[in-house]
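First the structure, in the form of structure tokens, and then the observations on it.
We use all heavy atoms of the structure for the numbers below, so side chains are in, but hydrogens, waters and symmetry mates are not.
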Amino acid sequence: QVQLVESGGGLVQPGGSLRLSCAASGFTFSIAAMSWYRQAPGKERDLVASINKDGVTVTYADFVKGRFTISRDNSKNTVYLQMSSLKPEDTAVYYCKAVWRTGLTWTYWGQGTQVTVSS
């Protein structure tokens, strides 16, 4: 059973920091590209950051403007999102996604973790 379990969300003040974790199981984590998405109420789900299987290539959405860092630890089957200088507009449910290809492309999503940035 493929599982992606996000954790680390919560309430933080503007300018604060938060680290999200996504623990993966049920598949070969080391061959999967991992990414973080977020979705605010009434909005589309947007890509935040992605990282390749080796942790070498990373991409970020323009709106994070260097504030967020994605990383992975293949020995722990975990991907992280370090968020700094948080803004109210960062408020959303943050989702972890795994993608890999074995002929077909396989995509799995976690259930999400709530991040609320408010004073």
Below 4.5 Å, heavy atoms only, C-beta onward: do Leu86 and Leu18 meet side chain to side chain? yes

State yes or no: do Val2 and Ile31 share one hydrophobic cluster built from I, L, V, M, F, W and Y residues joined by side-chain heavy-atom distances below 4.5 Å, directly or via other members? yes

Are Leu47 and Val58 in one and the same hydrophobic cluster, where Ile, Leu, Val, Met, Phe, Trp and Tyr link if side-chain heavy atoms are under 4.5 Å apart? no

Closest approach of Gln114 and Ala92, non-hydrogen atoms and distance? NE2-O, 3.4 Å

Determine whether Met83 and Tyr94 make a side-chain contact, defined as any pair of heavy atoms from C-beta on separated by less than 4.5 Å. yes

Rounded to the nearest 0.5 Å, what separates atom CG in Leu81 from atom CG in Leu20? 5.0 Å

CD1 of Ile51 to OG of Ser35: how many Å apart, nearest 0.5 Å? 10.5 Å

Would you confirm whether Asn74, through its side chain, and Lys53, through its main-chain N or O, come within 3.5 Å as a donor-acceptor pair? yes

Would you compute the distance between atom CZ of Arg67 and atom OG of Ser84 and round it to the nearest 0.5 angstrom? 9.0 Å

Does a side-chain heavy-atom distance below 4.5 Å link Ser118 with Leu11? yes

Ignoring hydrogens and angles, tell me if any N or O in the side chain of Arg38 forms a donor-acceptor pair with the backbone of Val93 under 3.5 Å. no

Evaluate the side-chain proximity of Cys96 to Val79: yes if any heavy-atom separation is below 4.5 Å, no if none is. yes

Partner residues of Arg19 under the side-chain hydrogen bond (donor to acceptor under 3.5 Å, both in side chains) criterion, sequence neighbours left out: none

To the closest 0.5 Å, what do you measure between CG (Asn77) and OG (Ser30)? 8.0 Å

Any donor-acceptor N or O pair under 3.5 Å, side chains Thr116, Thr91: no

When hydrophobic residues are tied together by side-chain contacts of less than 4.5 Å, even through go-betweens, does Val56 share a cluster with Ile70? no

Before accepting this row, confirm whether a basic side-chain N of the pair Arg72/Asp54 lies closer than 4.0 Å to the acidic partner's carboxylate O. no

State which residues pass side-chain contact (heavy atoms from CB on, under 4.5 Å) with Ser71; sequence neighbours excluded, sorted by chain then number. Tyr80

I'd like to check Asp90 versus Phe68 (side-chain heavy atoms, cut-off strictly below 4.5 Å). Are they in contact? yes

Hey, does Gln39 have a side-chain heavy atom less than 4.5 Å from the side chain of Tyr95? yes

Which pairs count as ring pair (Phe, Tyr, Trp, His ring centres under 6.0 Å) when at least one residue sits in residues 19-67, sequence neighbours excluded? Phe27-Trp100, Tyr37-Trp109

If you count every heavy atom of other residues, nucleotides or ligands that lies below 6.0 Å from Glu44 atom CD, does the total exceed 12? no

If we ignore hydrogens and angles and just use 3.5 Å, is the side chain of Thr113 paired with the main-chain N or O of Gly9 as donor and acceptor? yes

What is the minimum heavy-atom distance between Leu104 and Trp106, and which atoms define it? O-CD1, 3.4 Å

With a 4.5 Å heavy-atom cut-off, do Thr107 and Thr105 have their side chains touching? yes

Here the gap from Glu6 atom CD to Lys97 atom NZ, rounded to the nearest 0.5 Å, amounts to 13.0 Å

Sidechain-backbone polar pair: Thr78 side chain, Lys76 backbone, donor-acceptor under 3.5 Å: yes

Hydrophobic clusters here meaning ILVMFWY residues chained together by side-chain heavy-atom distances under 4.5 Å, can you tell me if Val5 and Met34 are in one? no

